[in-house]
Amino acid sequence: MRSIAVANQKGGVGKTTTSVNLAVALARAGQRVCLVDLDPQAHATLHAGVQPGAHPVSSYDMLVEGRSLEEARVQAGERLHVIPSHIDLSAVEMALANRPGREGLLRQRIEGDAACRSGGVAAGADALVHDTMVIDCPPSLGLLSLNAMAAADEVLLPLQPHFLALHGLSKLLETMELVADRVNPRLRLLGVVLCMFESATRLANEVARDVEGFFASSHGNHPVWSEARVFQTRIRRNIRLAEAPSFGQSIFDYAPDSHGAEDYAALAEEVIQAAAVDRETVRRAA
Ligand code: ADP
Ligand code: MG
């Protein structure tokens, strides 16, 4: 299973919108997807059409109470499962304050789940399998984002192009390097996706160039993000994307002909391509 954490410690940059619509786009492209909501606000859960609290087992119960991924899993569409969040998750830091190995809890649950074990040899024809997991992170670099980074192979970073966009990026990269050093050596920055993009503005294009320049110039000795790309697909600002969550629908159900649907389908295509390219790089290096 491929696992992608959608992270940025800033709020309002497009993490949740990207997590949900990317997850659905991947499912529409034929992948079997599990969307994990690690934000206490539970916006991804709602956006995917699942009522927080309606399912008895949440991502909180999974992390803190030792419940399994299987118990927390809800089907939310064709080839799409959701691990719903719950407001309880806002107390996770306190609940786990004295728990040894508390950064590794999500990873443990994933390792204990048959549907997550890629290429499950023994899996029967109708056994549940996840090809890809998408993890929606909260707007902080606290314990929940650490759990996501400890569990994921890849981080996808949504950025909103305004003049402080690069500000805070180094903190995220530093945190990723720490996680890679200590608990998850596989962790890589998959790339940056520019969200709420307004191509008509000079600022958006300048920031896009800055971000590209940053990754082109300085990645030499940083294996964690040396292969990161800025995705060609820009997610344009589109009111339909802001409306869809309150209907509990992805952009593909809510407004299939919108720019939002077009952009997230294109992003999913790039994300799928990136996996193939990165596998090839690894094979050549071996
Ligand atoms: P985060 O999860 O990083 O806090 P969200 O995905 O919740 O960010 O996005 C913040 C707000 O902006 C939400 O109200 C969302 O509906 C809206 N939004 C996100 N992406 C777009 C877009 N491309 N165009 C218009 N509105 C967007
Ligand atoms: Mg969010």
Side-chain angles (χ1 to χ4, degrees), residues 4-25 35-50 52 58-60 82-87 89-90 92 134-145 147-149 152 155-162 164-169 171-172 175 191-201 203-205 207-208 230-268 270:
I4 304 172
V6 180
N8 185 330
Q9 72 270 36
K10 260 178 73 90
V13 296
K15 286 184 294 296
T16 299
T17 308
T18 298
S19 299
V20 174
N21 291 307
L22 175 64
V24 173
L35 171 67
V36 180
D37 189 353
L38 284 192
D39 189 338
Q41 298 182 89
H43 288 169
T45 304
L46 282 161
H47 195 343
V50 176
S58 69
S59 54
Y60 176 88
V82 172
I83 307 294
S85 176
H86 190 278
I87 185 70
L89 210 51
S90 55
V92 78
V134 177
I135 310 170
D136 186 32
C137 293
S140 79
L141 292 174
L143 187 54
L144 291 167
S145 292
N147 261 275
M149 290 184 197
V155 170
L156 175 62
L157 175 71
L159 271 189
Q160 199 186 339
H162 67 65
L164 284 177
L166 280 172
H167 189 84
L169 184 61
K171 187 72 202 164
L172 183 101
T175 306
V192 172
V193 55
L194 296 167
C195 291
M196 295 179 241
F197 196 80
E198 292 175 275
S199 52
T201 66
L203 182 65
N205 290 300
V207 171
V230 179
F231 284 100
Q232 287 302 310
T233 305
R234 272 77 163 119
I235 308 297
R236 288 167 283 184
R237 187 176 282 284
N238 178 224
I239 187 70
R240 298 287 178 213
L241 285 168
E243 292 168 353
S246 48
F247 295 89
Q249 291 181 338
S250 81
I251 193 65
F252 301 100
D253 292 314
Y254 179 68
D257 298 324
S258 63
H259 280 167
E262 190 184 314
D263 293 347
Y264 275 109
L267 178 67
E270 274 198 83

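All values below come from the heavy atoms of this structure, side chains included, with hydrogens, waters and symmetry mates left out. As the structure lists them, so they are numbered: ligands from 1, and atoms in each ligand from 1. What you see is a predicted model; the values in this text were computed from it and never measured.
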Of all the atoms in ligand 1, which lie at a distance below 4.0 Å from a heavy atom belonging to Gly11? 4 (O)
If you round to the nearest 0.5 Å, how far is OG of Ser59 from CG of Leu89? 4.5 Å
Taking atom CG of Asn8 and atom CG of Leu169, what is their separation to the nearest 0.5 Å? 8.0 Å
For Ile235, the ligand 1 atoms with a heavy-atom partner under 4.0 Å come out as 23 (N)
Can you pull out the closest protein heavy atom to atom 8 (O) of ligand 1? Residue, atom name and distance to 0.1 Å, please. Gly14 N, 3.0 Å
Would you confirm whether any non-hydrogen atom of the protein falls under 4.0 Å from atom 13 (C) of ligand 1? no
For atom 23 (N) of ligand 1, is the nearest protein heavy atom closer than 4.0 Å? yes
Can you name the nearest heavy-atom pair linking Ala148 to Ile135, along with the distance? CB-CG2, 3.8 Å
Can you find a heavy atom in the side chain of Tyr254 that is under 4.5 Å from one in the side chain of Leu241? no
Which residue supplies the protein heavy atom nearest to atom 16 (O) of ligand 1, what is that atom called, and how far is it? Ala242 CA, 3.2 Å
For atom 25 (C) of ligand 1, what is the closest protein heavy atom, and at what distance to 0.1 Å? Asn238 O, 3.2 Å
Arg237 near ligand 1, heavy-atom distance under 4.0 Å? yes
Ser145 side chain vs Ser140 backbone, donor-acceptor pair below 3.5 Å: yes
Please report whether ligand 1 has a polar contact with Asp136, defined as an N or O pair separated by less than 3.5 Å (distance criterion only). no
One should read off an interatomic distance between Glu262 CD and Ile235 CD1, to the nearest 0.5 angstrom, of 10.0 Å
Just jot down the ligand 1 atoms closer than 4.0 angstrom to any heavy atom of Arg236, in number order. 22 (C), 23 (N), 24 (N)
Pairs of nitrogen or oxygen atoms closer than 3.5 Å, one from Lys15 and one from ligand 1: do any exist? yes
Within the distance-only criterion (no hydrogens, no angle test), does the side chain of Glu270 pair as donor or acceptor with the backbone N or O of Gln232 below 3.5 angstrom? yes
Can you name the atoms of ligand 1, numbered from 1 with element, that are less than 4.0 Å from a heavy atom of Leu241? 16 (O), 22 (C), 23 (N)
Would you mind checking which non-hydrogen protein atom is closest to atom 20 (N) of ligand 1, with the distance to 0.1 Å? Met196 CG, 3.6 Å
Is there side-chain contact between Ser250 and Asn21, with at least one heavy-atom pair below 4.5 Å? yes
Among all the protein's non-hydrogen atoms, which is closest to atom 7 (O) of ligand 1, and how far away is it? Thr16 CB, 3.9 Å
Could you find the nearest protein heavy atom to atom 4 (O) of ligand 1 and give me its residue, atom name and distance? Gly12 N, 2.7 Å
In Å and rounded to the nearest 0.5 Å, what is the NE2 to OG1 distance from His162 to Thr201? 12.0 Å
Any N/O/S atom of Ser19 sitting less than 2.8 Å from the Mg ion (ligand 2), backbone or side chain? no
Evaluate side chain to side chain contact (heavy atoms under 4.5 Å, CB included) for Asn205 paired with Phe197, printing each intermediate quantity in order. CA-CA 9 Å; Asn205 290 300; Phe197 196 80; 3.7 Å; yes
Looking only at non-hydrogen atoms, the one of Asp39, Val20, Asp263, Thr17 nearest atom 9 (O) of ligand 1 is Thr17
Which atoms of ligand 1 have any heavy atom of Val13 under 4.0 Å away? 1 (P), 3 (O), 8 (O)
Within the 4.5 Å heavy-atom criterion, are Asp263 and Ile251 side-chain neighbours or not? no
